Amino acid sequence: MAGTGTFGEIIDGDVFKYYAQGHWNKSSSGKSVPIINPSTRKTQFKVQACTQEEVNRVMESAKTAQKSWAKTPLWKRAELLHKAAAILKEHKAPIAECLVKEIAKPAKDAVSEVVRSGDLISYCAEEGVRILGEGKLLVSDSFPGNDRTKCCLSSKIPLGVVLAIPPFNYPVNLAVSKIAPALIAGNSIVLKPPTQGAVAALHMVHCFHLAGFPKDLISCVTGKGSEIGDFLTMHSGVNCISFTGGDTGIAISKKAGMIPLQMELGGKDACIVLEDADLDLAAANMVKGGFSYSGQRCTAVKVVLVIESVANTLVKKINDKVAKLTVGPPEKDSDITPVVTESSANFIEGLVKDAKEKGATFCQEYKREGNLIWPLLLDNVRPDMRIAWEEPFGPVLPVIRIKSVDEGINHCNASNFGLQGCVFTRDINKAMLISDAMETGTVQINSAPSRGPDHFPFQGLKDSGIGSQGITNSINMMTKIKTTVINLPAASYTMG
Ligand SMILES: NC(=O)C1=CN([C@@H]2O[C@H](COP(=O)(O)OP(=O)(O)OC[C@H]3O[C@@H](n4cnc5c(N)ncnc54)[C@H](OP(=O)(O)O)[C@@H]3O)[C@@H](O)[C@H]2O)C=CC1
Ligand SMILES: O=C(O)C(O)COP(=O)(O)O
């Protein structure tokens, strides 16, 4: 159970503590932030509302801890990460239970998130040892006018303090996808978890604590993003921000100082289906891609663009599968579970109402109880409807019937988002041309969008992000190149 056994020390009364100076602390604010269970809509947990002074202390100690961590051999950093990964996986049950209660993630998916996170940490340790152990040698005589009197050695050095801010939908996985690369590269980390999901994240942090990382290297401050977010992201002690979330990321990028930013923001992932597509495969992917975790994934299929001639068949196949989705509590591992907050449910309802008023075809009756929204396929959606452009982050999938591939590509490219897209066709030549034409960070051919496997590059164009994630890219992004030039008194050539 959450906050018991191995995790007993992370809670005080009914409020979970924050992690700093190598131990678990109560905030001097005396205030807490409630975490509302999306299913019951009642307070499930509470976390500390950390103060600005506490953030200042954390930043100061993270700076000092980073200096000695940077001198810790790479193999030792990797060893500790492997240990943390093993402890995390060993405790998958209580952590998954938090995910079920805080963000209504279906039970099996919650366990998968924790296991995937352990695997990510281990892979990161191994990849770090490989790529950070290598540098580059440049000799001067390759540039005109130079003899070989200079040798330039390049290596990757840490940035300092990395601020990690993950979103509610993967509070563990999208936290470790920032923490592990930061640590292997020799940085210290300050984590600000999402409020919904904070308790799962605190349990995960305790696994790093148990692994024996040096004091102050990892800190986790809790509180509402709207209250401490700006103070954290504009703090002079931060040397890099790795953020995943919504439009908040755009605001952060305007306020942050001259530091590297890694931003993974929203998406309106389009799925183009051609006449020659395997429609069973396409339908299965639309349903999995559109409705898993109730559509609350940045990589969810958020609009289907299907060629008119096969639209009826595809819509029928999707509907047959939607009818089989189970709807209910996450504890029962239902396919569709309550969306994360009431305001999120209200937002989704607003998009549905707008589509109704503007004449979309409802393949199912719209049904909602509390935060629970039944899966809904909207056919004959037109570009004047909000759902054609906005991301519902909920179990509602719009279908736009298109007359040509160009119409599909134009719709996709007119979006302010550019995360992923996909195309279903049996013609690989057409698929390649469409992939090149789609203005998105990734195009999947014959599969729904997806971030994983976690070592693949993952990035968004336009308002979907800055930089690239994926294990290797994240490690590189959390380092800077340092060069040392050896100047020789006379030109020297190997075997010369
Ligand atoms: N591209 C990607 O990889 C992903 C994108 N997303 C996008 O994220 C959105 C949903 O996630 P959600 O968690 O609601 O996103 P938000 O942007 O609301 O929140 C993300 C994180 O930012 C924090 N935060 C809020 N305000 C501030 C602030 N002023 N300064 C710093 N941090 C702040 C939140 O904390 P708190 O919870 O306390 O408010 C949370 O930890 C969707 O738009 C979705 O598309 C989601 C997942 C992945
Ligand atoms: O946060 C998200 O929604 C993602 O980064 C998507 O990850 P997934 O494709 O593995 O669900």
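This one's a predicted model, so the numbers in the text were calculated from it and none came from an experiment. In each ligand, atom 1 is the first atom listed, and ligand 1 is the first ligand listed. The figures here come from the full heavy-atom set of this structure, side chains too, leaving out hydrogens, waters and symmetry mates.
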Mind checking whether N169 contacts ligand 1 via backbone (N, CA, C, O), side chain (CB onward), both or neither, at a 4.0 Å heavy-atom cut-off? side chain
Within less than 4.0 angstrom of ligand 1, does F243 place any heavy atom? yes
Looking at G408 and I272, what are the two nearest heavy atoms and their distance? C-CD1, 3.9 Å
Can you find an N or O of L174 that's nearer than 3.5 Å to an N or O of ligand 1? no
Give yes or no for whether the N/O distance cutoff of 3.5 Å, strictly under, is met between K255 and ligand 1. no
From atom 24 (N) of ligand 1, work out which of G245, G197, G225 has a heavy atom at the shortest distance. G225
Out of curiosity, is G223 lining ligand 1, as in a heavy atom under 4.0 Å away? yes
Can you tell me if K192 has a non-hydrogen atom under 4.0 Å from ligand 1? yes
Electrostatic pair K268-E391, nearest N-O below 4.0 angstrom: no
For ligand 1 and E391, I'd like to know whether there is a polar contact (N/O to N/O, distance under 3.5 Å). yes
Note: E9-K17 ion pair, threshold 4.0 Å (strictly below): no
Show your working on ring pair (Phe, Tyr, Trp, His ring centres under 6.0 Å) between H209 and F213 and close with a plain yes or no. CA-CA 6 Å; H209 169 79; F213 279 89; over 10 Å; no
Option among P375, S334, P395 that satisfies the side-chain contact (heavy atoms from CB on, under 4.5 Å) test with V327: P375
So does R386 pair up with D354, basic N to acidic O under 4.0 Å? no
Polar contacts were defined as any N/O atom of the residue lying under 3.5 Å from an N/O atom of the ligand; does this apply to T233 and ligand 1? no
Walk me through it: do H411 and N413 pass the test side-chain hydrogen bond (donor to acceptor under 3.5 Å, both in side chains)? CA-CA 5 Å; H411 184 93; N413 293 351; over 6 Å; no
Are side-chain heavy atoms of I250 and K254 found at a separation under 4.5 Å? yes
Pick one of side chain, backbone, both or neither for how F393 approaches ligand 1, counting any non-hydrogen atom pair under 4.0 Å. side chain
Out of G246, G266, A300, G465, whose heavy atom sits nearest atom 15 (O) of ligand 1? G246
Please classify the I165 to ligand 1 contact at 4.0 Å (heavy-atom distances, strictly less than): side chain, backbone, both or neither. side chain
Under 3.5 Å between some N or O of ligand 1 and some N or O of I252? no
Quick check: closest heavy atoms across K178 and I189, and the distance to 0.1 Å? O-CD1, 4.0 Å
Cation over ring face, K353 and Y366, 6.0 Å, 45°: no
Between the candidates I35, T248, L163, which shows the shortest non-hydrogen contact distance to atom 33 (C) of ligand 1? T248
If the threshold is 4.0 Å, N to carboxylate O, is there a salt bridge linking D384 and K358? no
Quick check on ligand 2: any N or O pairs to the protein under 3.5 Å? One line per pair.
from     : atom 1 : to   : atom 2 : distance (Å)
ligand 2 : 1 (O)  : N169 : ND2    : 3.2
ligand 2 : 3 (O)  : N169 : ND2    : 2.9
ligand 2 : 3 (O)  : C298 : N      : 2.5
ligand 2 : 5 (O)  : R451 : NE     : 2.7
ligand 2 : 7 (O)  : R451 : NE     : 3.0
ligand 2 : 7 (O)  : R451 : NH2    : 3.4
ligand 2 : 9 (O)  : R297 : NH2    : 3.1
ligand 2 : 9 (O)  : T299 : OG1    : 2.7
ligand 2 : 9 (O)  : R451 : N      : 2.8
ligand 2 : 10 (O) : R116 : NH1    : 2.9
ligand 2 : 10 (O) : R116 : NH2    : 3.0
ligand 2 : 11 (O) : Y170 : OH     : 2.4
ligand 2 : 11 (O) : R297 : NE     : 2.7
ligand 2 : 11 (O) : R297 : NH2    : 3.3

Could you give me the CA-CA distance, side-chain angles and deciding distance for Q469 and Q459, then say whether side-chain contact (heavy atoms from CB on, under 4.5 Å) is met? CA-CA 6 Å; Q469 280 194 114; Q459 55 281 315; over 6 Å; no
Does ligand 1 have an atom under 4.0 Å from some heavy atom of P166? yes
